[in-house]
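Working notes for the structure below.
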Amino acid sequence: MEATGLSRLRSPLGQILDVRENPSLVMPPKPADRAAEWYNIDFSLQNQLRLAGASPATVAAAAAAAGSGPKDPLARKMRLRRRKDSAQDDQAKQVLKGMSDVAQEKNRKQEENVDARAPGGKVRRWDQGLEKPRLDYSEFFTEDVGQLPGLTIWQIENFLPVLVEEALHGKFYEADCYIVLKTFLDESGSLSWEIYYWIGGEATLDKKACSAIHAVNLRNYLGAECRTVREEMGDESEEFLQVFDNDISYIEGGTASGFYTVEDTHYVTRMYRVYGKKNIKLEPVPLKGASLDPRFVFLLDRGLDISVWRGAQATLSSTTKARLFAEKINKNERKGKAEIALLAQGQEPPEFWEALGGEPSEIKRHVPDDFWPPQPKLYKVGLGLGYLELPQINYKLSVEHKKRPKVELMPRMRLLQSLLDTRCVYILDCWSDVFIWLGRKSPRLVRAAALKLGQELCRMLHRPRHAAVSRSLEGTEAQVFKAKFKNWDDVLSVDYTRNAEAVLQGPGLAGKVKRDAEKKEQLKADLTALFLPRQPPMAPAEAEQLMEEWNEDLDGMEGFVLEGKKFARLPEEEFGHFHTRDCYVFLCRYWVPVEDEEEEKEEDEEGEKAAAEQRPPEEDFQCIVYFWQGREASHMGWLTFTFSLQKKFESLFPGKLEVVRMTQQQENPKFLSHFKRKFLIHRGKRKAAQSAQQPSLYQIRTNGSALCTRCIQINTDSSLLNSEFCFILKVPFESEDNQGIVYAWVGRASDPDEAKLAEDILNTMFDASYSKQVINEGEEPENFFWVGIGAQKPYDEDAEYMQHARLFRCSNEKGYFAVTEKCSDFCQDDLADDDIMLLDNGQEVYMWVGTQTSQVEIKLSLKACQVYIQHLRSKEHEPPRRLRLVRKGNEQHTFTRCFHAWSTFRQAPA
C-alpha cells in the first residue's frame, strides 16, 4: 500500500517540479534525466506527505527512494535554495494565475461585445463608460444656451451667473468674474464650444470659486468635451483676445458678491458745453443757468441722470453727437443704468433747473465766436535722485506726420494715446480739469506722489471754481478724458450721421475708429419689432372692469383751466370738454386701503379690552395731478403750473402727490377712464369757442380699447365721413339767442355701442338751447345737414384699415439702428420729424420721411420695410403689401385716415 501510494505521488510531484524549473517545458523528460528528477525531491516532500496523512514508513521509504540515486552537489544547492522560498512561490503562482484568468475573461468579453467599441473601431475612453448623475442646471442656464453660433457671457453675482447684455461684451469689471461661452460650427457642421472663465484682479474669493464651478457646470450642461480655460486679468491668452477681436477694456469697481457688499457710487454733478465740428469736445462750465447759450448743446451729468440740452440755435449734428457721447458714458462708466433725457430749450423739467440753482430770466449768447479753450499740457511724473521730476511732453512734435507741420498748425494739434506709457504716470492739465493717468505697471510710490502733486498743481495756478481733479487708471479712463485725445474711442464709431464710404475716405483714421469702419457690415440693428404679431384689441369687458376699478378708487376730482397767466377753477359741467389751445389741470384724490393684519394680531394678543381702546385703522389716500396740454397750446402753461399750482399742491399733500404731464391724444388711460368715454376735444380756445358761429364736425373713434375713446373736432368736410364711424355735426343758427341744431350721424356699419355713445354725448354734452336729432346714414336732411357740412361728397364706406393699422419708428437714438412699435392708440404727433416712420394699413406699407432725417437712416429704414414686407408674404393669411414713400406735408388720404383727427402739423410753440 505504501509503495502504491508513493507511485501515485511521484508523477504529479515530478510534473510540478519540472514546470517550476522550466515553465516552457511541454514534452515529458527523457529517461536519462529521471535520476535528476528524483534528486529534486527535497525535505518539503516529507512535510507534504506528513500533512497528507502518510505513515512514517511511507515517509521513510520516500526519503530513501529520493536518496537512493547518486549524489549531485549542484542538485543539493538547488534543493537548499528552493527550500527557502517554496512557500512564497506557491502564493505568487496563485496570484499570477488569478490575474491571468481575469485578463483572459476580459478579453473574451470584449471580443464578444461589439457595442463596447466606439465608432471607427476605437475603444471608448475610461470616463465615457461612467454613468453620470442627472443634474438640473436650469437654475443657472436657459434652454437655448449654446444652441446658436455666437458669444454668450455671464457675470458672477451673489454666487450665481447673470447674463451680460451684448452691448457690454468686452467690458470687464476689475472686481468681478465672468464666464465666456463661444459657440461655433466645426468642419462637419456640428456645434462646438469654447468655455473661458475670466478672473478680475480685484475679485473676491467667492467669485473666483463660483466662476470655476459654474464653468464646469456649463460644460456638463452642454455635454461639451472641451476644457474650461482660466483667464486672468492682464494676462489673457491670444485665443481669448481673439474672441473679442483684441478689443477688451477694464472698468474700475464691481458688483456685490455673496459675502461682500458694494457701496453706492457717489457721482459729482457737472455740466459741459459741447463744441467742435468733426470731433466733439467738452468744456466744463459753471453749474448755473447763466452758463447756457442758445447756440450750443450742453451735457448735464448727474450720475444716473444725464441730460442733453439743445439750444434753440444749435445744430442737429451737435445734438446727435452729444447724445451718442452720453450713450458711451452710460455704457462704459454707468453700466447702462443711467437715464438719458433729450431736452429742448423751453421744454426743461423742474429737476433740470433745480440742478442749476434756478431758471434764468433769459438765456443769452455770451460765448465769444472765436472761443477756443487753453491747450492741454501733458506732464510726466518721475522720481529723480531724491526729488520729483515733472517734465512737460512736447506732444506737438510727437504727432504722426510724414512731414513736419507748419508752426501755425501746431497749437491746435490733439494728443495721441500712444504718448502714454503703461510704466509711467502722467498729469494732463486742461485748466478747468486736471487728470492724473496711472499706468498699470507704474510704481506705487510714483502714483502716490502724482496724486498729491495733482492737488498742489490745481492750487498753484488760478483756476475756476468748477475745476476738478480726477484719477484715471489705465483701461478705466472716463469718456471726458478720452475726448482730449485724437481718435481714442471717438464717437464716430457709432455715429450714423455719416455713411461707411465717407468714414473710409476720411484721412488719418487709426485705432478703434478704423476697425469699426472696416466692420461696417457687422453694425448692430434691432428689427425684432417687425416680426412680432399685432397687438390684439382689449376686450370690452376687460376695459369696462378697469374703468370701474379706477373710478371706485377715485374720491374726488377738481379741474382748473389756464386763463391768462393764472389757473381758474373749471366748472363741473365742463368736465370732459378740452380745447386745443388751452391747458388743464385735474387734481384727483384716490383712496388707498391700509393693510391691518399686524394690528389684528396685536389685538388678539392684548385681549378684548385693549382692542376696544384702539382706534380702527383709517384708509390712506394718494393725490395725482394730471396736466393736459392741447397740441396748439403754449409751453408757458406748464411753467405757470410748476411755479404756482404745483407748489400749493405739494404744501397741501406732502409726500402724497404725483404729477403726470400729458399732451393731446397721448393721455393716460387711468385719466381717460374718469370721463367714461365722454372725452371731447374742441378746436381753438375755450372762451372763443363759446361764441363761435361756424358749423363744427366731430368724429367718435376708439383706438384699440374702449378706454381710448375720444370725440375730436375735425374739418367740416363731408369727404371725411365713414360708414363705420359715428359723427356729430353742430350747426348754429344766425340768431342772437344762440340757437341751432346738433345731429348725431350714425354710419350703417358702425358699432352699436358707439351709436349709443354718440346719442348720449349728443344729449348730455351740448347746449340745451340746441335741438338734437339722431339720423342714420342715408336719412340726412338736405336743408341743414348737407348745407351745414358744406356739400355732399363721396366718402369712405369701410374702415378695414383699423384691423391692420400699425405704426413703427425707425431711429438710431440708442447708438444703433432700431425699430420700435407704437401702441395702437397712436396719433399724428407720434410722427417724429427726425426719424423714419413705417405705417401698415393692411394694403400698403408707407415709409414716412421727416425733414431732419439722415441719408443713412433712410437707407436702413428702406431695408427694414423690405424685410417687413417679405415677412408678411411668408404668412399665408396676410395679404401682400405695396411699399410707398411719403414725405412730410405730402401725405395722401389713405395715409391720413389711419390717424384720428388728422390736421396740420404742430408748430414749435412759443
Side-chain angles (χ1 to χ4, degrees), residues 268-302 305-326 328-329 340-349 351-377 408-415 428-435 458 461-468 470 478-486 490-492 495 497 635 852 908 910:
V268 180
T269 303
R270 304 204 70 189
M271 187 166 69
Y272 304 89
R273 180 172 61 249
V274 180
Y275 64 97
K277 295 182 180 180
K278 185 175 180 180
N279 293 298
I280 66 170
K281 308 173 184 65
L282 273 71
E283 177 67 18
V285 295
L287 201 63
K288 56 184 180 179
S291 302
L292 301 176
D293 191 304
R295 299 170 297 170
F296 292 89
V297 177
F298 289 80
L299 192 147
L300 178 62
D301 185 4
R302 291 180 289 171
D305 290 311
I306 304 176
S307 302
V308 179
W309 183 88
R310 177 185 178 185
Q313 304 173 15
T315 61
L316 178 63
S317 176
S318 300
T319 308
T320 303
K321 292 180 180 179
R323 185 193 72 228
L324 295 174
F325 195 91
K328 277 191 168 288
I329 293 178
I340 300 176
L342 301 179
L343 307 177
Q345 184 176 345
Q347 301 179 2
E348 304 87 353
E351 297 81 8
F352 180 81
W353 296 122
E354 289 177 3
L356 300 183
E359 182 181 2
S361 57
E362 184 182 0
I363 300 177
K364 301 179 181 180
R365 301 172 56 173
H366 61 86
V367 181
D369 295 335
D370 57 347
F371 163 78
W372 197 262
Q375 189 70 16
K377 298 178 182 179
E408 59 269 16
L409 296 178
M410 289 168 55
R412 293 194 178 185
M413 288 183 180
R414 302 178 67 191
L415 292 162
L428 181 63
D429 185 6
C430 301
W431 184 67
S432 57
D433 265 329
V434 177
F435 300 95
C458 194
L461 303 176
H462 172 69
R463 307 270 179 184
R465 291 185 177 180
H466 59 273
S470 58
Q479 288 297 129
V480 179
F481 177 79
K482 294 179 182 179
K484 306 294 182 182
F485 290 77
K486 180 181 179 182
D490 271 332
V491 77
L492 287 177
D495 187 4
T497 58
H635 287 301
Q852 300 182 15

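Basis for what follows: all heavy atoms, side chains included, without hydrogens, waters or symmetry-related copies.
- Under the 4.5 Å side-chain criterion, counting only non-hydrogen atoms from C-beta, W353 is in contact with P360.
- Atom-to-atom distance recorded for R465:CZ and L287:CG is 13.5 Å, nearest 0.5 angstrom.
- At distances below 3.5 Å, at least one donor-acceptor pair connects side-chain atoms of S291 with backbone N or O atoms of P286.
- Contact record, W431 with A467: O-CB, 4.2 Å, taken as the closest heavy-atom pair.
- Using cut-offs of 30° and 60° on the angle between ring planes, the pair F296 and F298 is perpendicular.
- Taking every heavy atom of both residues into account, P284 and H466 meet most closely at O-NE2, 3.3 Å.
- Going from atom CZ of F481 over to atom SG of C430 covers 8.0 Å, rounded to the nearest 0.5 Å.
- The backbone N or O of G346 lies less than 3.5 Å from a partner atom in the side chain of E348, making a donor-acceptor pair.
- Put simply, the side chain of K484 reaches to within 4.5 Å of the side chain of F435, judged on heavy atoms.
- Nearest approach of A326 to V308, heavy atoms of both residues: CB-CG2, 4.2 Å.
- When all heavy atoms of F325 and V480 are compared, the closest pair comes out as CZ-N, 4.1 Å.
- The two atoms that bring Y272 and D433 nearest to each other are CE2-OD2, 4.3 Å, heavy atoms only.
- A donor-acceptor contact shorter than 3.5 Å is absent between the side chain of R273 and the backbone of V367.
- Taken from CZ in R270 to CG in D301, the straight-line distance is 9.5 Å, to the nearest 0.5 Å.
- Residues F352 and L343 are in side-chain contact: their nearest non-hydrogen atoms beyond the backbone lie under 4.5 Å apart.
- Here the side chain of H366 pairs a donor or acceptor atom with the backbone of A290 at under 3.5 angstrom.
- Within the 4.5 Å cutoff, no side-chain heavy atoms of S432 are placed close to those of V285.
- Heavy atoms only, all atoms of each residue included: T319 and R310 are closest at OG1-CD, 3.2 Å.
- For Q345 (side chain) and A312 (main-chain N/O), a donor-acceptor pair under 3.5 Å exists by modelled atom type.
- Residues V297 and K321 fail the side-chain proximity criterion, which asks for heavy atoms closer than 4.5 Å.
- Rounded to the nearest 0.5 angstrom, R323 CZ and L316 CG are separated by 8.5 Å.
- Taken to the nearest 0.5 Å, the CD atom of E351 stands 11.5 Å off from the CG atom of L300.
- Atoms NZ and CG, from K482 and L282 in turn, are 14.0 Å apart once rounded to the nearest 0.5 Å.
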